[in-house]
Enquirer: 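One structure follows; several queries about it will come next.
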Amino acid sequence: MFYHVKELQFNARVSKPDPHFARVMLEAFGGANGELKSALQYFVQAFSCHNPFPDKYDMLMDIATEEFGHLEIVGATIQMLLGKVNGEMKDVLENTPLHTMMSGKSAKEELIHQAFTNPQFLVGAPGSPALTDSNGNPWCATYVSATAELTVDLRSNMAGEARAKIGYENLLQLTDDPSVKETLVFLMTREVTHYQQFEAALETIKPNFPPGVFQTSPKYSNLYFNLSKGEDARGPWNEGKSTQLNETWQYIENPLEYVQATNGLRDIEPQGTSRTLESMEKADKELSKQRWKEIDSATPETDLQWSNYSNHPQKQKKTK
């Protein structure tokens, strides 16, 4: 159940209209890393958490709902940036400021160019935010990632929040309006907040690496192939211990010779790791059983219902 409060979470303000920046702001509204994408992604992901992970269901729904609020903030900002464009488009007879803006060949060509590159700018929905990116590409459901595997979804969410943070960081460079900048800083900050919340939630799931249930093969998990010519770069990604499995990186200097000598990597044994093929198979079975129990024990076979209204404090008070 959703309840809409008419006041915004953050009081968005605009010093003066700026239709050009309004178009750029569409990236945060209907773009691939915009607020609608985030809201729907967390909303969809929450469903598979309802029974086995009710705490994660609560978190995902809370953050999804906040993202819908952020979508409203962005939409309101776009609306204010557009100013009187909508009304002026309807005033087809008078010499409006919009007509004045179109006076002169170069100005008119620029406005027509804007309309062609993003029809929503003046043709499709003048004076209103649209579910497109800044180039007029319509919002697409394929932006949303939900796998019903929580360790994967949380990592996807962290990456999405990081991309959205950079998006707001770039938008800040494209406006001089101090009021708009305040709104962008708020939205950018909340992306970092959500990143940390998803990261903390991931840490409560043990084990959470590798993502999913099946373990990776110790035969291949710590191989680094030198697949470029020239001066070789070395670092913690190809020398020392790996970050999660704590295995010693095996640097393959000449990948072609190595692949040929090992029959296409079939004739190799694990090196630089304490894991074995036997321990991998054992871990597969144990984790598979653990994850299955988490979900199966929380999902009744009959008489399923989503909500338990009898637990509401007001109802309990009345029945006493």
Side-chain angles (χ1 to χ4, degrees), residues 31-33 37-38 41-42 45 48 140-167 169-170 191-192 194-292:
N33 296 306
K37 175 260 185 180
S38 297
Q41 178 159 305
Y42 310 152
Q45 288 175 354
S48 62
C140 183
T142 56
Y143 297 158
V144 173
S145 173
T147 67
E149 168 51 54
L150 192 53
T151 62
V152 174
D153 285 343
L154 290 173
R155 286 185 169 92
S156 178
N157 296 349
M158 291 163 62
E161 295 290 339
R163 287 191 295 269
K165 192 268 183 184
I166 293 299
E169 191 170 307
N170 292 335
E191 307 296 348
V192 175
H194 294 162
Y195 179 101
Q196 295 175 94
Q197 291 170 330
F198 291 134
E199 184 179 38
L202 178 63
E203 284 304 305
T204 67
I205 304 171
K206 298 295 184 181
N208 65 39
F209 190 88
V213 172
F214 289 133
Q215 303 301 297
T216 57
S217 172
K219 294 171 64 175
Y220 320 117
S221 56
N222 60 342
L223 301 182
Y224 182 90
F225 295 97
N226 177 32
L227 292 169
S228 57
K229 288 187 176 182
E231 186 176 350
D232 298 330
R234 302 301 297 268
W237 56 88
N238 61 18
E239 62 182 1
K241 300 283 188 177
S242 60
T243 58
Q244 298 285 343
L245 297 176
N246 199 35
E247 298 173 329
T248 302
W249 289 112
Q250 306 298 299
Y251 190 85
I252 312 302
E253 182 71 45
N254 192 320
L256 179 58
E257 290 182 2
Y258 186 83
V259 168
Q260 291 173 336
T262 59
N263 189 28
L265 304 181
R266 290 181 174 274
D267 300 336
I268 61 175
E269 294 295 330
Q271 295 183 30
T273 176
S274 60
R275 297 193 306 137
T276 64
L277 295 175
E278 291 75 18
S279 67
M280 179 193 76
E281 293 176 358
K282 181 180 179 182
D284 283 347
K285 293 178 182 178
E286 291 177 350
L287 187 57
S288 176
K289 190 175 182 179
Q290 175 186 331
R291 293 287 189 258
W292 172 77

Enquirer: Applying side chain to side chain contact (heavy atoms under 4.5 Å, CB included) to Ile205 and Leu150, what does each step give before you reach the verdict?
Expert: CA-CA 9 Å; Ile205 304 171; Leu150 192 53; 3.5 Å; yes

Enquirer: Do you know which two heavy atoms are closest between Pro211 and Val152, and how far apart they sit?
Expert: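 That closest heavy-atom pairing would be CB-CG2, 3.6 Å.
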
Enquirer: List for me each residue that meets side-chain contact (heavy atoms from CB on, under 4.5 Å) alongside Ala164, sequence neighbours excluded, and say none if there are none.
Expert: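 Per chain and number, Ala164 pairs via side-chain contact (heavy atoms from CB on, under 4.5 Å) with Glu191.
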
Enquirer: Sort and list the pairs that fulfil salt bridge (Lys or Arg N to Asp or Glu O under 4.0 Å) and have at least one residue in residues 207-217, not counting sequence neighbours.
Expert: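 For residues 207-217, and leaving out neighbouring residues, there are no salt bridge (Lys or Arg N to Asp or Glu O under 4.0 Å) pairs at all.
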
Enquirer: Please name the pair of heavy atoms, one in Val144 and one in Lys37, separated by the smallest distance, quoted to 0.1 Å.
Expert: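 For Val144 and Lys37, the tightest heavy-atom pair comes out as CG2-O, 4.2 Å.
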
Enquirer: Output every pair passing ring-ring contact (aromatic ring centres under 6.0 Å, His included) with a member in residues 253-275, not counting sequence neighbours, ordered by first then second residue.
Expert: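 Listed once each, the pairs would be none.
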
Enquirer: Does any pair with a residue in residues 265-279 pass salt bridge (Lys or Arg N to Asp or Glu O under 4.0 Å), and if so which ones, sequence neighbours excluded?
Expert: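 Qualifying pairs: Glu247-Arg275.
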
Enquirer: Looking only at heavy atoms, what is the nearest atom pair of Thr216 and Ser221, with distance?
Expert: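 Looking at all heavy atoms of both residues, the shortest contact is OG1-CB, 3.9 Å.
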
Enquirer: Please round to the nearest 0.5 Å and tell me the distance separating atom NE2 of His194 and atom CD of Glu199.
Expert: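 Here the interatomic distance stands at 14.5 Å.
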
Enquirer: Output the distance between atom CD (Gln244) and atom CG (Asn208), rounded to the nearest 0.5 Å.
Expert: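 So the gap between those two atoms works out to 7.0 Å.
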
Enquirer: Output all residues satisfying ring pair (Phe, Tyr, Trp, His ring centres under 6.0 Å) with Tyr143, sequence neighbours left out; order by chain, then residue number.
Expert: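 Listed in chain order: Trp139.
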
Enquirer: Of all residues at least two apart in sequence or in a different chain, which pass the side-chain hydrogen bond (donor to acceptor under 3.5 Å, both in side chains) check with Thr147?
Expert: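 Residues passing side-chain hydrogen bond (donor to acceptor under 3.5 Å, both in side chains) with Thr147: Asp153.
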
Enquirer: Hey, can you pull the donor-acceptor pairs under 3.5 Å for the side chains in residues 227-237, sequence neighbours left out?
Expert:
unit_1: Asp232; atom_1: OD2; unit_2: Asn226; atom_2: ND2; d: 3.4
unit_1: Arg234; atom_1: NE; unit_2: Asn238; atom_2: OD1; d: 3.2
unit_1: Arg234; atom_1: NH2; unit_2: Asn238; atom_2: O; d: 3.3

Enquirer: Counting only heavy atoms not in Lys241, do more than 12 fall under 6.0 Å of its NZ?
Expert: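 Yes, the 6.0 Å shell around NZ holds more than 12 heavy atoms from other groups.
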
Enquirer: According to side-chain hydrogen bond (donor to acceptor under 3.5 Å, both in side chains), who are the partners of Ser156, at least two apart in sequence or on a separate chain?
Expert: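 Here no residue qualifies.
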
Enquirer: Do Leu202 and Thr151 have side-chain heavy atoms sitting under 4.5 Å apart?
Expert: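 Yes, their side chains come closer than 4.5 Å.
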
Enquirer: Taking everything shown except Phe214 itself, do over 12 heavy atoms lie less than 6.0 Å from its CZ?
Expert: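 Atom CZ in Phe214 is not packed in, count stays at 12 or less.
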
Enquirer: In this structure, are over 12 heavy atoms from other groups packed under 6.0 Å from Lys285 atom NZ?
Expert: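 Not buried by this count: 12 neighbours or fewer within 6.0 Å.
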
Enquirer: Nearest heavy-atom pair of Pro218 and Met280: which atoms, and what distance?
Expert: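 Heavy-atom minimum between the residues: CD-SD, 3.9 Å.
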
Enquirer: With Glu161, which residues qualify under side-chain hydrogen bond (donor to acceptor under 3.5 Å, both in side chains), at least two apart?
Expert: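 side-chain hydrogen bond (donor to acceptor under 3.5 Å, both in side chains) list for Glu161, sorted by chain: Tyr42.
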
Enquirer: Would you say Gln197 and Tyr195 make side-chain contact, with heavy atoms under 4.5 Å?
Expert: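 The answer is no, as the side chains (C-beta and beyond) never meet within the 4.5 Å cut-off.
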
Enquirer: As an exercise, state the distance from CD of Gln260 to CG of Leu265, rounded to the nearest 0.5 Å.
Expert: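 Answer rounded to 0.5 Å: 11.5 Å.
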
Enquirer: Under the 3.5 angstrom rule, does the side chain of Gln215 hit a backbone N or O of Val213 as a donor-acceptor pair?
Expert: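 Checked: pair present.
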
Enquirer: Please tell me if the side chains of Leu223 and Ile268 come closer than 4.5 Å, counting only heavy atoms from C-beta onward.
Expert: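 Counting from C-beta outward, Leu223 and Ile268 do come under 4.5 Å.
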
Enquirer: Run the side-chain contact (heavy atoms from CB on, under 4.5 Å) test against Asn254 and tell me which residues pass, sequence neighbours left out.
Expert: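 For Asn254, the residues satisfying side-chain contact (heavy atoms from CB on, under 4.5 Å) (neighbours in sequence not counted) are Leu256, Glu257.
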
Enquirer: Please report the C-alpha distance between Asn157 and Gln45 in whole Å, then the side-chain angles of each, then the deciding distance to 0.1 Å, and finally whether the side chain to side chain donor-acceptor pair (under 3.5 Å) criterion is met.
Expert: CA-CA 10 Å; Asn157 296 349; Gln45 288 175 354; 2.7 Å; yes

Enquirer: What residues form a side-chain hydrogen bond (donor to acceptor under 3.5 Å, both in side chains) with Ser279, not counting sequence neighbours?
Expert: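 Partners of Ser279 under the side-chain hydrogen bond (donor to acceptor under 3.5 Å, both in side chains) test: Thr276.
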
Enquirer: Measure the spacing between OG1 of Thr273 and CG of Asn246 and express it to the nearest 0.5 Å.
Expert: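 Here the rounded value is 9.0 Å.
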
Enquirer: If the condition is side-chain contact (heavy atoms from CB on, under 4.5 Å), which residues does Ile166 pass it with, not counting sequence neighbours?
Expert: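 side-chain contact (heavy atoms from CB on, under 4.5 Å) list for Ile166, sorted by chain: Glu169, Asn170.
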
Enquirer: Look up atom CH2 in Trp249 and atom OH in Tyr224, then write down how far apart they are to the nearest 0.5 Å.
Expert: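 Going from CH2 on Trp249 over to OH on Tyr224, the span is 9.5 Å.
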
Enquirer: When rounded to the nearest 0.5 angstrom, what is the spacing between CG in Asn33 and NZ in Lys165?
Expert: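 Spacing of CG (Asn33) from NZ (Lys165) equals 14.0 Å.
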
